[in-house]
There are 2 protein chains.
Amino acid sequence: MHPYEEIRTEILRRINSQAWPAGFALPHEEKLAEEFGVARGTIRRALSPLVDAGLIERRRRAGTRVVGRKAHSSTLTIPVVRHEIERGGHAYGYKLLRSSLGDDARDDQGLFAGAPLRHIVSLHLSDGRPYQLEDRLVNLEAIPEARDADFSTVSPNEWLIARVPYSSVRTILRAEMPGTNDSKYLKLQRDEPVFVIERQTRLDGNILTLVRMAHPAHGFQMITATDDFQ
Amino acid sequence: MHPYEEIRTEILRRINSQAWPAGFALPHEEKLAEEFGVARGTIRRALSPLVDAGLIERRRRAGTRVVGRKAHSSTLTIPVVRHEIERGGHAYGYKLLRSSLGDDARDDQGLFAGAPLRHIVSLHLSDGRPYQLEDRLVNLEAIPEARDADFSTVSPNEWLIARVPYSSVRTILRAEMPGTNDSKYLKLQRDEPVFVIERQTRLDGNILTLVRMAHPAHGFQMITATDDFQ
DNA sequence: AAAATTTATATGTCTAAACATATTTTCGAG
DNA sequence: CTCGAAAATATGTTTAGACATATAAATTTT
């Protein structure tokens with residue numbers, strides 16, 4: 001364990017044990033450097049992830065303070081469906097349900113501003129059972145290669161994620177009563193809702209793709225990784 | 001804009017423009033330092049968040065490569081309910097429904113290993129309408145002050161988050177058909193599902209609190225912040 | 001007493017250099 | 001030709017120092 005890690009751990013311990021409670025002003029960098037017998041740079045290195053995580057706050061001249069938390073943050077990772085299913089030890093299946101071209105398809109929100117689109121509906125299966133219904137619009141102006149890509153064996157999800165770089169992602173999570181397509185393809189039980197993940201992917205402001213991924217609620221859950229320290 | 005930021009932006013541009021496609025080996029640090037006219041440390045500073053974000057991968061002696069993505073990651077922030085509602089410009093309301101002590105309460109999963117518990121059920125309202133049903137178990141061994149805390153005006157959610165430090169959080173998201181309590185308190189429409197957030201909060205392995213937060217699905221959604229650059 | 005100015009100070013950025021360490025490549029022994 | 005040891009190399013950690021900059025605190029001016 002490197003000095004910067006030990007120092008970070010020790011400072012975390014002090015915060016978590018309330019020895020340094022919310023609002024407490026930490027000794028300044030030079031003092032901490034002296035206490036731990038290292039250079040100032042090493043102290044900065046130990047502290048900066050705590051700043052990023054919002055555990056402490058720093059202001060020039062004012063110093064560093066322990067922050068009282070106001071929210072829980074965690075990282076939500078959405079893997080390629082196939083990986084998710086296979087990692088769970090299940091057999092992955094995939095079926096292309098619909099593929100069409102057009103510029104008026106389903107752009108309810110006018111996000112694509114009339115750009116040519118490809119609309120793909122596909123189904124992901126786990127052990128033969130419907131797992132996710134993927135309904136996707138792809139901006140062909142931004143990703144022209146997607147016009148002729150073959151999505152009958154590889155899902156657009158997987159095709160895109162590896163191939164197309166993006167700079168921002170907006171993910172929306174919802175519980176919904178199933179729509180017509182959901183009921184048709186997901187083999188839902190009576191009164192069973194769907195868990196919907198909707199995602200907009202952008203590159204420098206231009207929207208690349210918009211996708212709605214619907215899961216049968218029963219047995220489906222999302223778990224977020226804990227943004228923690230050790 | 002500082003040199004390290006400009007360099008990071010330029011490198012991102014090269015990755016996003018596919019000038020440096022997935023698998024591409026970046027020039028090594030000394031070369032980049034020379035190219036940008038800065039010290040090696042500044043190059044490291046520019047690159048390290050890209051490593052954290054999984055955009056590039058580095059191995060000693062082998063160098064640095066652009067990574068083809070395998071998943072979408074984003075940060076899910078769950079604020080205190082009151083803040084969430086007030087930020088939306090709505091009136092916040094709160095009602096304590098039930099509060100009891102005991103060690104056998106509802107610990108279905110045996111997470112608390114027989115520790116004394118406090119069980120609190122409360123309702124959060126937005127403009128007078130039910131917004132969230134909070135059902136919480138608090139470990140009194142870890143947080144003895146919670147035994148006598150008054151949750152009739154301040155929700156346990158808010159009381160805990162500011163007061164009690166934690167080291168890890170596990171959040172589970174689900175769509176569910178409403179249970180008895182959900183139907184009773186959330187004024188659900190016919191066939192309306194609930195969006196459930198379940199959270200376990202720990203400090204150094206010890207579970208502090210377990211909470212189930214149920215939202216009427218209609219009009220509720222979670223949006224994740226985009227883990228992006230610039 | 002209030003407002004404007006100056007000073008002090010803690011954090012923020014950057015450098016240049018040394019050394020540590022994982023891993024690949026090279027080279028030599030068998 | 002194979003295996004193992006040695007060398008080479010890119011990244012990883014740390015230092016000590018210089019300078020930049022935001023802002024709190026002290027001082028002067030109004």
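Per chain, numbering begins at 1; letters A, B, ... match sequence-line order. Note that the structure is a prediction, hence the values are computed from the model and not measured.
- Rounded to whole angstrom, the span from the OH atom of Y4(A) across to the P atom of dA20(C) amounts to 17 Å.
- Residue R45(A) has its side chain nearest to dT14(D) when only dT11(C), dT23(D), dT14(D) are considered.
- Closest contact between the side chain of R58(B) and the listed nucleotides dT14(D), dG12(C), dG12(D) involves dG12(D).
- Under 3.5 Å, the side chain of R40(A) and the base of dG17(D) form no donor-acceptor pair of N or O atoms.
- For the side chain to side chain donor-acceptor pair (under 3.5 Å) criterion with E198(B), the lone passing option out of R170(B), R212(B), R174(B) is R174(B).
- Side chain to side chain, R202(B) and S167(B) fail the donor-acceptor criterion of an N or O pair below 3.5 Å.
- Using a 3.5 Å distance cut-off with no hydrogens or angles, the side chains of R44(A) and Y4(A) do not pair a donor with an acceptor.
- Proximity of T64(B) to the phosphate of dT11(D): a side-chain N or O atom is located under 4.0 Å from OP1 or OP2.
- Taking every side-chain heavy atom of T42(B) into account, dT15(C) is the closest of dT15(C), dT14(D), dG12(C).
- For H2(A) and E5(B), each mapped to the nucleotide of DNA chain C holding its nearest heavy atom, the one lying further toward the 5' end belongs to E5(B).
- Atom CZ in R59(B) sits about 12 Å away from atom P in dT11(D), given to the nearest Å.
- Aromatic ring centres of Y131(A) and H124(A) lie farther apart than the 6.0 Å criterion allows.
- Using modelled atom types and a 3.5 Å distance limit, the side chains of H72(B) and Y166(A) yield a donor-acceptor pair.
- Side-chain proximity of P3(A) to the nucleotides dT11(C), dT14(D), dA24(D) is greatest for dT14(D).
- Note: CD1 (I43(A)) to P (dA10(C)) measures 15 Å, nearest angstrom.
- If you measure from atom CD of E30(B) to atom P of dA18(C), you get 12 Å, rounded to the nearest angstrom.
- The interatomic distance linking D52(B) (CG) with dG12(D) (P) rounds to 11 Å, in whole Å.
- Protein atom CD of E29(A) is 19 Å distant from nucleotide atom P of dC19(D), rounded to whole Å.
- If you measure from atom CZ of R61(B) to atom C1' of dT23(C), you get 7 Å, rounded to the nearest angstrom.
- Within the 4.0 Å cut-off from OP1 or OP2 of dT23(D), not a single side-chain nitrogen or oxygen of R60(A) is found.
- Checking dT11(D), dT15(C), dC14(C) against the side-chain heavy atoms of A39(B) singles out dT15(C) as nearest.
- Of the two residues contacting DNA chain D, namely H28(B) and V38(A), the nearest-nucleotide position lying further toward the 5' end is that of H28(B).
- What separates CD of E57(A) from C1' of dG12(C) is a distance of 16 Å, to the nearest Å.
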